[in-house]
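We name chains A, B, ... by the order of the sequence lines, and we start the count at 1 in each one. Remember, it's a predicted structure, so these values are computed and weren't measured experimentally.
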There are 2 protein chains.
Amino acid sequence: MSLAHVILGLLQQQERTGYDLKTECFDDCISHLWPADQAQIYRTLDKLESQGWITCTVEIQHERPNRKVYRITEAGEAELTHWLQTHHPLPVLREPLLVQLYFAAQLPDEAIVYLLEQEREARQEKLAQCETIEGLSLSNPTASREQKLHRLVLNLVKQREQTYLDWLEKAIATIRSQSD
Amino acid sequence: MSLAHVILGLLQQQERTGYDLKTECFDDCISHLWPADQAQIYRTLDKLESQGWITCTVEIQHERPNRKVYRITEAGEAELTHWLQTHHPLPVLREPLLVQLYFAAQLPDEAIVYLLEQEREARQEKLAQCETIEGLSLSNPTASREQKLHRLVLNLVKQREQTYLDWLEKAIATIRSQSD
DNA sequence: TGCTATTATATGATTAATCATATATAGGAT
DNA sequence: ATCCTATATATGATTAATCATATAATAGCA
């Protein structure tokens, strides 16, 4: 399960609580890479701890609930380094829109165009989100090795959305022109 | 659940058994769109039947196991037509490679390049598979409305792989050049 | 003779992800 | 006075997908 390895990567940067992971990491900087639910984060932390890849110390707080601060162990670092260098099978992408188009022959052209336009809107919004994340990254003037890699990743995500948008434009134009 | 609607779409083309769906549809023409496991196909057929969207007649065979032939109902057709025109949220894509790159700062350049090269190989193979499917489609000279839509879908899948491959080439070149 | 492939359906088990809900305290807003 | 938000963790339930295995008959191959 890769979520475990995402968390190992984040804990190698610095020690964090489950709450930190959710609010500082998964909600912001890696929401576009690996979104994760709060429940799943806590359960994965439990698993990582019982594997011996992270340890936990409880910080007692008085006017707040106690915090469980997690740190990566040496075994955890070894596991992460190994995972980072292992090839994984391509993830499967199942897209409802493509299925709809595949079976859309019975629909009138306007219905198909409407579908494509709605997808275009959603994809434009997603591209805008990527650009917001990029803006945050570029506002930081340091060009560390880490930063460079993060920008490389973001470039693919952006280019992919752009390819999708270009294809949507062409598809909309094709269907509109053939119905004239 | 979209698998249910993929099956409705396939049963609208013609009546089929679970076995037909698996061997003629999911293993071939839509493996790149919506791969599905045999167990899941049979269980989804059960659900669709209890929903009243498909019906089933048993064909008794003597030297083979009996066949359960499924047909779409009017309610099923109505459901499919409605689903085909409904916008669905963008599917989430979680890519191990991008996570690896995001956390790869600690790895030596050669290790990163090796990862990218392995991904390139896998992506090239996938693109080749898409071209095989396209070849089968082009060998059929009819250019029906359905065929046109199928090719449109395939174009996106191919372009997406090409974008990925182009990005991989650039990423490999970038990392190689900076380590000189 | 035994092994494998083909045709055909069914079920048990597990994983990963998501949703909902629970608990507990403090502070600010309406 | 009540409601919402922030901080913090935990658990129950469900869905979608995958893997493994079971049954059962025939045909072909080595």
Side-chain angles (χ1 to χ4, degrees), chain A residues 1-8 15-28 30-31 33-51 54 56-70 83 88-96 99, chain B residues 1-8 15-28 30-31 33-51 54 56-70 83 88-96 99:
Chain A
M1 193 196 29
S2 297
L3 177 61
H5 295 94
V6 177
I7 291 177
L8 283 179
E15 57 177 51
R16 302 181 202 263
T17 66
Y19 189 79
D20 294 339
L21 285 167
K22 179 61 182 155
T23 56
E24 292 167 22
C25 307
F26 287 97
D27 284 351
D28 299 333
I30 54 172
S31 57
L33 263 190
W34 207 281
D37 179 67
Q38 173 263 0
Q40 213 193 344
I41 292 171
Y42 281 98
R43 277 194 267 245
T44 303
L45 285 169
D46 288 344
K47 274 189 211 163
L48 284 170
E49 198 187 3
S50 65
Q51 279 271 329
I54 60 175
C56 163
T57 43
V58 179
E59 270 183 21
I60 284 129
Q61 303 197 112
H62 294 294
E63 293 167 1
R64 291 264 160 258
N66 293 341
R67 290 156 52 87
K68 292 171 78 173
V69 181
Y70 291 95
W83 184 84
H88 301 285
L90 303 189
V92 172
L93 178 53
R94 277 175 248 247
E95 288 193 77
V99 172
Chain B
M1 194 195 31
S2 297
L3 177 60
H5 295 94
V6 176
I7 291 178
L8 284 180
E15 58 177 49
R16 303 182 201 261
T17 66
Y19 189 80
D20 293 340
L21 285 167
K22 179 62 182 153
T23 56
E24 292 167 21
C25 307
F26 287 98
D27 285 349
D28 299 335
I30 54 172
S31 57
L33 262 191
W34 207 281
D37 179 68
Q38 173 264 0
Q40 212 193 345
I41 292 170
Y42 281 99
R43 277 194 267 245
T44 303
L45 285 169
D46 288 343
K47 274 189 210 163
L48 284 169
E49 198 187 3
S50 66
Q51 279 271 329
I54 59 175
C56 162
T57 44
V58 178
E59 270 184 21
I60 284 129
Q61 304 198 113
H62 294 294
E63 294 165 2
R64 290 264 161 257
N66 293 341
R67 289 157 49 89
K68 292 172 78 172
V69 180
Y70 291 96
W83 184 84
H88 301 286
L90 303 190
V92 172
L93 178 52
R94 277 175 249 247
E95 289 193 76
V99 172

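Applying the 4.0 Å criterion to OP1 and OP2 of D:dA10, one finds that A:K68 has a side-chain N or O inside that range. Phosphate proximity of D:dA17 to A:R94: present, with a side-chain N or O under 4.0 Å from OP1 or OP2. At the phosphate of D:dT9, OP1 or OP2 sits under 4.0 Å from a side-chain N or O atom of A:Y42. The side chain of A:R43 contributes no N or O atom lying less than 4.0 Å from OP1 or OP2 of D:dG12.
At whole-Å resolution of the value, CG in A:L93 and P in D:dA16 are 17 Å apart. Summarising the geometry, the separation between CD1 on B:I60 and P on D:dA24 is reported as 18 Å, rounded to the nearest angstrom. Rounding to whole angstrom units, CG of residue B:L21 and P of C:dA10 are separated by 13 Å. Taking atom NZ of residue B:K22 and atom P of nucleotide D:dA17, one finds them 13 Å apart after rounding to whole Å. The separation between A:W34 atom CH2 and C:dT18 atom P is 10 Å, rounded to whole Å. What separates NE2 of A:H5 from P of C:dA16 is a distance of 11 Å, to the nearest Å. Following rounding to the nearest Å, A:F26 (CZ) and C:dT18 (P) show an atom-to-atom distance of 11 Å. Atom OH of A:Y19 is separated from atom C1' of D:dA8 by 7 Å (rounded to the nearest Å).
Of the two residues contacting DNA chain D, namely B:K47 and B:Q38, the nearest-nucleotide position lying further toward the 5' end is that of B:K47. Between B:T23 and B:V92, the residue anchored nearer the 5' end of DNA chain C, judged by the nucleotide with its closest heavy atom, is B:T23.
For the pair A:I7 and A:F26, the minimum side-chain heavy-atom distance is below 4.5 Å.
Looking only at distances, no side-chain donor or acceptor of A:Y19 sits under 3.5 Å from a matching main-chain atom of A:K68. Although no hydrogens or angles enter the test, the distance criterion places no donor-acceptor pair under 3.5 Å between the side chain of B:K22 and the main chain of B:T17.
Closest to the side chain of A:D37, from the set D:dA17, C:dA17, C:dC19, is C:dC19. Closest to the side chain of A:Q40, out of D:dA8, C:dC19, C:dA17, is C:dA17.
The heavy-atom pair separating A:Y42 from A:G18 by the smallest distance is OH-C, 3.7 Å. Between A:A4 and A:T44, the shortest heavy-atom contact is CA-CG2, 3.7 Å.
No contact: A:A36 has no heavy atom under 4.0 Å from any strand. Using a 4.0 Å heavy-atom distance criterion, A:T17 is classed as a sugar-phosphate-only contact.
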